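These notes are about the structure you will find just below.
From a predicted model like this one, the values you see are computed outputs, not experimental measurements. Just so you know, ligand 1 is whichever comes first in the structure, and atom 1 is the first atom listed for that ligand. Atom set for the values below is all heavy atoms of this structure, side chains included, hydrogens, waters and symmetry mates excluded.
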Amino acid sequence: MSKTTTTTRDITSSLGNFELVSAEEKEQMKTGADWMPPHWVVHPVPESYDIAVLPWVRPEAGAMSLVGINVVDVESSKILPSMTVKIKAGKIVSISKSVFAHMQEDGWESINAAGLYLSPGLIDVHTHITAAPGGPPGKLVPTSEAETALKTTYVLKGMLFRGFTTVRDVGGATRHYKEATEQWLVPGPRIFQGGPIISQTGGHGDDSDRDVFPPKGLKAGRESYVADGVDECLKAARKIMMSGADHIKICSSGGVASLTDPLDSEQFTVPEIKAICDVVRMMVTAHCFTSQGARNAIEGGIGGIEHGHLIDDDETLKLMAEKGVHLTPTLIVQELLARPPYNAIIPPSSREKLKLVIDGGYKVIKRAHELGVNIAYGTDCFLSMQPCQLSEFDLRATVLPSDVILKQATVNGAKVLGMQGKLGVIKEGAFADLLLLTANPLEDVTIFNKPLKYVKAIIKDGRVVKSSVDGLKVEVPLI
Ligand SMILES: [Zn+2]
């Protein structure tokens, strides 16, 4: 296997067509990469040099053809054998039956990918990217802003290395992280973020000291935002919108890790939830374990339920299917927290709660699927649990078939993000977020959890970040 054509990009192209360095120096700068950021500028600097340009922004992603590859059509659960998939400028531009082993076109790299499988990149819609390993238990934004941001760069690379080309953060991240990966300042997945969680006083997101009175009123932290009553809820939601959130997350029932709220406590009144949903007119999703918490949230106009492990009646699930309310169970985090070493993360008094939610998780994911609820892949792995992000595949595979789980981790997640047709599919016009595999994930979805064996290459936004495929060169290394 070899490539027949190559694209050469100007090393200074992100700064315009200025002769900042001589041709000889440009030649010396070529260290095997097609592009490198300009780390120095020769004096005198041309007057027309655009000082507003961000020097780390890369030239447009190149053009390449993956030839002879088996395309995984996740929507129909079928393989389209021996196809040529052309990608350019970060998008999929065409998919057609392969005729040759190579495409001979100027300006296009041609990769002979015969025998490999092409899957859409994975989507995890329940992550906490700022909860980096080594932080204190129970905290999503554990340290100073600077330390959090620096450690999060490690987390983001790890997620992309595991094949997650898109993640939704549901507590902790801000638009700055999203912009950093968009611009490739930090290699990482595409990020959808909702800023801090909104919680009622005493709810799952209230981490104030239970013995300190009086409460200090509306508290806007980086991790959670405590609000009570319609007016405070409106203010919190509007402030989060102002910060550039893609969605809003609230807590409508108790949680496992929080000390003072029983799992079956209902959090926020329906008018409070309704106020938030009405004012933002965007996706509002609720941390919620129970049927009653889910019903309150749905009545208030919520678009998604996170966890939902104790929803034990068909009526609530049918209502979710009917109203298009998404469900994101998170089996792996509960399994991990139930046993050493991770059980040290939660207080002993919370361990009883875990037994309930583990059993419930498997039941609800199966029944909700049978009743037609849109179920997405979510993990909630935080701190040192993050490397287990792929194990959710193994757990779901004990109750659901592989093709169903692959949908959950691709197209269903795209629905949650409002990105149907753009993410989670291999279609013309979709983002070129792709995984090249040595086996068919429709037959066994747990291959994703053996990435060194089965994941040969990872492409995000048309840029290769990992590859052991002949001729497919890594543009942005992750390690
Ligand atoms: Zn969470």
Side-chain angles (χ1 to χ4, degrees), residues 123-133 135-142 148 152 155 159 164 166-174 177 189 191-199 203-207 221-225 240 245-259 261 263 267 283-290 293-294 297 302-311 326-338 342 345-346 350 353-354 357-358 360-361 364-365 375-389 391-392 395 413 416-417:
I123 303 174
D124 184 341
V125 299
H126 193 123
T127 66
H128 298 286
I129 62 171
T130 53
K139 290 285 186 186
L140 302 180
V141 189
T148 303
T152 298
V155 173
M159 287 184 172
F164 292 95
T166 298
V167 299
R168 182 178 65 154
D169 187 280
V170 283
T174 65
Y177 295 96
I191 295 169
F192 291 77
Q193 54 77 36
I197 299 163
I198 309 180
S199 166
H204 180 55
D206 183 359
D207 61 356
R222 286 186 291 140
E223 179 179 330
S224 59
Y225 207 141
I240 292 171
D246 298 305
H247 57 264
I248 281 182
K249 180 177 162 203
I250 68 163
C251 302
S252 75
S253 89
V256 173
S258 42
L259 260 180
D261 56 335
L263 272 177
Q267 302 187 1
M283 166 60 77
V284 180
T285 195
H287 158 99
C288 173
F289 278 99
T290 61
I302 213 95
I305 298 289
E306 306 301 308
H307 317 298
H309 291 201
L310 301 179
I311 299 176
H326 313 290
L327 176 68
T328 306
T330 55
L331 306 177
I332 181 63
V333 71
Q334 322 295 356
E335 289 278 6
L336 291 173
L337 287 171
Y342 297 108
I345 291 174
I346 57 164
S350 289
K353 295 179 179 180
L354 271 176
V357 300
I358 289 174
V364 79
I365 201 169
I375 303 171
Y377 187 98
T379 58
D380 203 12
C381 287
F382 56 98
L383 303 172
S384 52
M385 289 184 274
Q386 283 166 344
C388 303
Q389 195 179 13
S391 294
E392 181 80 17
L395 301 182
V416 173
L417 302 170

Inset, instruction - Measure the NZ-NE2 distance between Lys249 and His126 for me, rounded to the nearest 0.5 Å. - result: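 If we round to the nearest 0.5 Å, Lys249:NZ and His126:NE2 are 4.0 Å apart.
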
Inset, instruction - On the 0 to 90° scale, with breaks at 30° and 60°, tag the His287-His307 ring pair as parallel, tilted or perpendicular. - result: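 The arrangement is perpendicular - the two ring planes meet at more than 60°.
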
Inset, instruction - For the Zn ion (ligand 1), find the closest N/O/S atom on Asp380 and give its atom name. - result: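 Among the N, O or S atoms of Asp380, the one closest to the Zn ion (ligand 1) is OD1.
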
Inset, instruction - Please check if any side-chain donor atom of Thr285 sits under 3.5 Å from a side-chain acceptor atom of Glu306, or the reverse. - result: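 Yes, Glu306 and Thr285 have a side-chain donor paired with an acceptor closer than 3.5 Å.
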
Tell me whether the Zn ion (ligand 1) has [X] as a neighbour, meaning an N, O or S atom of it below 2.8 Å.
X      : result
His126 : yes
His128 : yes
Glu306 : no

Inset, instruction - Apply the side chain to side chain contact (heavy atoms under 4.5 Å, CB included) test between Leu336 and each candidate in Ser391, Ser384, Cys381; give the one that qualifies. - result: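 Of the listed options, the one satisfying the test is Cys381.
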
